[in-house]
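Here is the structure we will look at.
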Amino acid sequence: MANDKVKTVIQKLEEVTTAPIARFIVYYYTPEDKRKDWEDFKTCHDLIKRRTYDECLEWLTREDAQKGLQVYQKHMKLFNMTRLYDSMLEKALAGDTRAATWVESFTKSDYF
């Protein structure tokens, strides 16, 4: 696939919802220990600057935002499956037989 056809998660989200909601969705799903403080984050967009975190959470009930949540999850699916596989493989290599069984079964999936 050519690089000009690869879209970021923000670009995909902005196809189904507004720019501020797209950015909030990414912020929402970023683990708390890895994301910016709310006061720092909210400077990323004028509409977010005027909102509290709780007000932005209300956006997630909108139909377009819910479509955005689905787009985000779909975009992250392969990455998350890779993290899960790596985690289970590490456990299996450490001797966890249940994890080894899971890894063996997973290697037969469509992932590979």
Side-chain angles (χ1 to χ4, degrees):
M1 182 182 294
N3 284 341
D4 60 341
K5 296 186 188 253
V6 176
K7 293 180 183 176
T8 67
V9 68
I10 291 289
Q11 290 169 327
K12 289 179 182 181
L13 289 168
E14 287 180 351
E15 290 177 355
V16 298
T17 192
T18 66
I21 291 175
R23 281 160 181 72
F24 181 72
I25 288 171
V26 173
Y27 179 83
Y28 177 78
Y29 277 117
T30 301
E32 286 187 40
D33 64 333
K34 298 201 186 306
R35 67 184 180 200
K36 291 181 177 183
D37 177 70
W38 176 251
E39 293 302 316
D40 291 333
F41 168 76
K42 72 181 195 174
T43 63
C44 78
H45 196 280
D46 285 340
L47 191 58
I48 296 173
K49 281 181 188 177
R50 300 186 303 261
R51 302 268 193 274
T52 66
Y53 179 80
D54 288 337
E55 289 172 328
C56 291
L57 270 179
E58 291 178 21
W59 288 343
L60 300 183
T61 63
R62 292 173 39 152
E63 188 174 336
D64 62 330
Q66 290 178 9
K67 179 65 177 167
L69 296 173
Q70 291 174 319
V71 167
Y72 181 89
Q73 292 295 345
K74 184 176 180 183
H75 179 88
M76 297 300 292
K77 180 181 176 184
L78 183 59
F79 175 72
N80 288 329
M81 290 303 296
T82 301
R83 289 179 57 210
L84 176 61
Y85 175 78
D86 290 345
S87 172
M88 294 301 281
L89 181 60
E90 187 176 315
K91 289 178 183 181
L93 292 172
D96 184 327
T97 57
R98 288 176 53 152
T101 301
W102 185 92
V103 168
E104 181 181 6
S105 174
F106 189 75
T107 59
K108 297 174 186 171
S109 74
D110 291 339
Y111 178 84
F112 290 100

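Keep in mind that the numbers below use all heavy atoms, side chains included, and drop hydrogens, waters and symmetry copies.
- Across all their heavy atoms, T17 and A65 have their closest contact at OG1-N, 4.1 Å.
- For the pair R51 (side chain) and C56 (backbone), a donor-acceptor distance under 3.5 Å is absent.
- In the hydrophobic clustering of this structure, F79 groups with Y72; members are Ile, Leu, Val, Met, Phe, Trp, Tyr whose side-chain heavy atoms approach within less than 4.5 Å, directly or through other members.
- A side-chain donor-acceptor contact under 3.5 Å links Q11 to the backbone of T8.
- Counting only heavy atoms from C-beta outward, the side chains of Y29 and F24 never approach each other to under 4.5 Å.
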### Message
Applying side-chain contact (heavy atoms from CB on, under 4.5 Å) to W38 and I48, what does each step give before you reach the verdict?
### Response
CA-CA 10 Å; W38 176 251; I48 296 173; 3.9 Å; yes
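- Taking the side chain as every heavy atom from C-beta outward, L60 and I25 approach each other to under 4.5 Å.
- Formation of a donor-acceptor pair under 3.5 Å by the T82 side chain with backbone atoms of L78 is found in this model.
- For K49 and D46, the salt-bridge test passes: some basic side-chain N is under 4.0 Å from an acidic carboxylate O.
- Closest approach of K91 and A99 over heavy atoms only: CB-CB, 3.7 Å.
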### side-chain contact (heavy atoms from CB on, under 4.5 Å) between K42 and R50, worked out
CA-CA 8 Å; K42 72 181 195 174; R50 300 186 303 261; over 6 Å; no
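- Panel note: side chain E58, backbone E55; no donor-acceptor pair is recorded below 3.5 Å.
- Q66 places a side-chain N or O within donor-acceptor distance of the main-chain N or O of T61, the cut-off being under 3.5 Å.
- A 4.5 Å side-chain heavy-atom check between W59 and Y28 finds every atom pair outside the cut-off.
- At most 12 non-hydrogen atoms from other residues, nucleotides or ligands lie less than 6.0 angstrom from CZ of R83.
- Both L93 and L84 are assigned to one and the same hydrophobic cluster, defined by single-linkage of ILVMFWY side chains at heavy-atom distances under 4.5 Å.
- Hydrophobic cluster membership is shared by Y27 and M76, with clusters built from Ile, Leu, Val, Met, Phe, Trp and Tyr side chains linked at under 4.5 angstrom.
- Salt-bridge formation is not detected for the pair D96/R98: no Lys NZ or Arg NE/NH1/NH2 atom is positioned less than 4.0 Å from an Asp or Glu carboxylate oxygen.
- The distance from the CE atom of M81 to the CG atom of D110 is 10.5 Å, given to the nearest 0.5 Å.
- Between the NE2 atom of H45 and the OG1 atom of T18 there is a distance of 7.0 Å, given to the nearest 0.5 Å.
- Checking side-chain atoms of S105 against main-chain N and O of W102 turns up no donor-acceptor pair under 3.5 Å.
- Under the 4.5 Å side-chain contact rule for hydrophobic residues, I10 and V6 do not share a cluster.
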### Task
Would you please test D64 and V16 for side-chain contact (heavy atoms from CB on, under 4.5 Å) and show each step?
CA-CA 6 Å; D64 62 330; V16 298; 5.9 Å; no
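- Using modelled atom types, one side-chain atom of R23 and one backbone atom of A19 make a donor-acceptor pair closer than 3.5 Å.
- Rounding to the nearest 0.5 Å places NE2 of H75 at 10.0 Å from CG of N80.
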